[in-house]
Amino acid sequence: MSTAMQFYVSNLLVYLGVDVMACLGLNLQFGVAGIVNFAFIIFQAAGAYTAAVLTLGSSSAGGGFQSYIGGARLPFPVPFLAAAVVGGLLSLLVGLVALRKLRTDYQAMVMLVISLIATTVATNATGLVNGSNGLATIPKPLQSVLGLSLVGYQWVYVAITFAFCALVWVGVHRITSSPLGRTLRAVRDNEAAAGALGKNVTVLRLVAFVTGGAIAGLSGAILVQFISAWSPGSWLFPESFVYFAALIVGGSGNNVGAAVGALLVPVAFLESTRYIPQFGYPGLVDALQWVVVGLLTLTVMWFRPKGVFPERPGRFARRAQVP
Amino acid sequence: MSLFVLSIGFGLITASILAIASVGFTLQFGVTNILNLAYGDVMTGAAFIAYLVTRAGGSLWAALLAGAITGSLASYVLNRFLYTPFVRHGTRLFGMIIVTISVSLVLQNGLQAIFGASFFSLVLPRTASYGFAGMIFTGQQLLIMGIAVVAMAVVHSLLSYTRLGRAMRATAADPELARGCGVATDRVVGVAWLMSGALCGIAGVTLVMNVTSFSSTTGGSFLIPVVAAAVLGGVGHPYGAMIGALVIGLASEVSAAFVNPAYKEVVAFGVLVVVLLVRPQGIFAEIATQKEVVA
């Protein structure tokens, strides 16, 4: 492979890992627990900013050209873990307010509005995370320690991404295949019945929401340390919708479906087409891409409403015959 | 103090546009229970048609009429050939949200692909400004408020005093029962979408009359205040939407005078979140919380 090709492939692989992680997190929240989290992207953003601030050093270090809260220079895995913690804590905060008994569509509206409020505040409160310019020159983990070539380091980062991705996969799979996962599905399918069986619906939802939020934060951290820059423009509401589209195409409620959705929608449609030669005026290709994502979602909603890999119906062990 | 009065004037204009838009939005929701998140982009479409009309030398009235017709037809077609089939196909509340967001993406980016990612403004004659009790309005802003008042009066008399209005309210309250009583609910739903679409189109044109320039995302970003106003008044309730529009319009513009104007939408959204959490059924409690979509 030529060097350019290696860069291209490794870039896509990192994006794939990040998107698979994000889709798994959202699948836990939406596919399994039925929470319509249209604010998903802000938890990813929160994780990204946390990781950025914890690796950039103090605000005045880089000549003070960008301003942000806090600032530290922590070693490799710590910023990632902190990002997950912040994503989880923010989810806890939002969840305590928003996960009330609301109609699905109203809850979706609340989440959408929270997403818009967060974008407005982060864009205008310049002292928080440098306003609309966002943060830049975020250092990459271990780059100075390893001393590899640029291409070599790309592959190391792919490995790091996939390692975290595998960790998330195992974690999410253990939840969804456990009694907890079954209970969450029960809450999703019939809240009243689950409540009547003595399940604490609110706490269960909160558990799924916070876990999903922590995964979102982690995925954001991995993405931001790779691309070294992050601004409010990259976490607008449509980005959340891309993950929803991925789940719907892949099959929500099914982890394999979530991963395949991540491969099909964000990676195949939105990332790889970046290298199609631009035609027309600047922005035309982007607009057409979004049109295609919309049409694709509509098509799948019509022909395969449960996605390419539908959630598998529950299997129960055959009961012993009662004499 | 004068700043306060001035901002009330701005608030009234915003409230007028919001009222037209949110009454249309709430009618669609009330009759079919579909939260049409593509509403803002239909507004943008109507605005673009109005822009083409004014550029071709048409008057403002011609532009408003063209916008109303565009909104009307687009909404009817969307409901008749996309939303209704999806609902009959078995798509439920959440699924319909995804469907309408997808439509919104297609419309918004389709408009951007056609017209380009730049800014446009209606070609309007300059009008004099009028002062009134410390508030200042341009002729066009007075026209916007006039249109809003007329539109509200028309909606009110239609719903209250005509057979069609009664049929609409019956369909909104209980479609099965209405059908059983001999209401042709299909036709009523069709008329409701034509009518709300016309309001949507007019709202789109008045929205871009009031700003210096607009783009393919203008309507989409106006949607959230519209939804906020509709939900504040209790979705599906036209009078609630009018009051909601007044509250949201005044709250956002008056707060803009005293805090950073960038946060004025945050104030409007904050009102929405608080209302939803405290009183999910809106100011006027009428719509049951468990209602499903109907076709």
Side-chain angles (χ1 to χ4, degrees), chain A residues 30 34 36 38 97-98 100-121 123-125 131-132 192 236-238 240-242 244-245 247-248 252 280-303 305, chain B residues 29 33-35 37-38 82 85-86 89-99 101-114 116-118 216 220-221 223-224 227-228 231 235 260-270 272-273 276-278 280-281 287-291 293:
Chain A
F30 166 65
V36 187
F38 276 162
V97 178
R100 305 284 196 82
K101 283 188 179 172
L102 276 181
R103 282 172 48 143
T104 330
D105 44 359
Y106 282 14
Q107 198 170 58
M109 289 314 303
V110 171
M111 290 299 184
L112 172 55
V113 164
I114 287 174
S115 177
L116 294 174
I117 291 178
T119 313
T120 315
V121 171
T123 310
N124 291 297
S132 58
L236 301 177
F237 160 69
S240 294
F241 183 73
V242 169
F244 270 94
L247 280 190
I248 285 160
S252 85
Y281 55 83
L284 178 63
V285 173
D286 281 350
L288 291 178
Q289 261 180 22
W290 284 105
V291 171
V292 171
V293 168
L295 291 177
L296 174 77
T297 316
L298 283 176
T299 315
V300 173
M301 286 290 289
W302 183 263
F303 291 104
Chain B
F29 189 90
N33 236 340
I34 292 170
L35 206 60
L37 296 183
L82 201 73
F86 262 108
H89 202 67
T91 312
R92 298 290 93 176
L93 273 180
F94 170 73
M96 286 314 292
I97 292 188
I98 292 291
V99 169
I101 293 181
S102 306
V103 171
S104 154
L105 274 184
V106 172
L107 281 181
Q108 190 177 106
N109 291 286
L111 284 171
Q112 191 188 321
I114 295 167
S118 41
S216 52
S221 43
L223 179 71
I224 298 302
V227 177
V231 170
V235 209
N260 181 351
Y263 292 125
K264 72 177 184 184
E265 292 195 321
V266 171
V267 172
F269 300 165
L272 172 66
V273 171
L276 272 179
L277 295 175
V278 177
Q281 67 275 49
I287 301 293
T289 43
Q290 290 301 325
K291 226 171 155 184
V293 280

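Everything numeric in this text was worked out from a predicted model, so none of it was measured. Chain naming here is simple, since letters A, B, ... match the order of the sequence lines and numbering starts at 1 in each.
With B/S102 as reference, A/T297 is the one residue of A/L296, A/V291, A/T297 to meet the side-chain contact (heavy atoms from CB on, under 4.5 Å) rule.
Taking the six-membered ring for Trp and thresholds of 30 and 60 degrees, B/H89 and A/W302 have nearly parallel ring planes, at less than 30 degrees apart.
Residues A/M109 and B/L37 are in side-chain contact: their nearest non-hydrogen atoms beyond the backbone lie under 4.5 Å apart. Residues A/I114 and B/F269 fail the side-chain proximity criterion, which asks for heavy atoms closer than 4.5 Å. Counting heavy atoms from C-beta outward, A/L288 and B/N109 have side chains that stay 4.5 Å or more apart. Residues A/F38 and B/I97 meet the side-chain proximity criterion, which asks for heavy atoms closer than 4.5 Å.
Closest of all the heavy-atom pairs between B/A113 and A/A287 is N-CB, 4.2 Å.
Of the listed residues (A/T123, A/V292, A/N124), the greatest number of heavy-atom pairs within a distance under 4.5 Å of chain B belongs to A/N124. Counting heavy-atom pairs closer than 4.5 Å to chain A, the top residue among B/V99, B/V227, B/I98 is B/I98.
Residue A/V97 touches chain B through both its backbone and its side chain, counting heavy-atom pairs closer than 4.5 Å. With a threshold of 4.5 angstrom between heavy atoms, B/L223 does not approach chain A through any atom at all. When heavy atoms are compared at a cutoff of 4.5 Å, A/L295 approaches chain B by way of both its backbone and its side chain. Of the two parts of A/I248, only the side chain, counted from C-beta on, holds a non-hydrogen atom closer than 4.5 Å to a non-hydrogen atom of chain B.
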Problem set entry | Derivation and outcome, side chain to side chain contact (heavy atoms under 4.5 Å, CB included), residues B/I224 and A/F237 | CA-CA 12 Å; B/I224 298 302; A/F237 160 69; over 6 Å; no
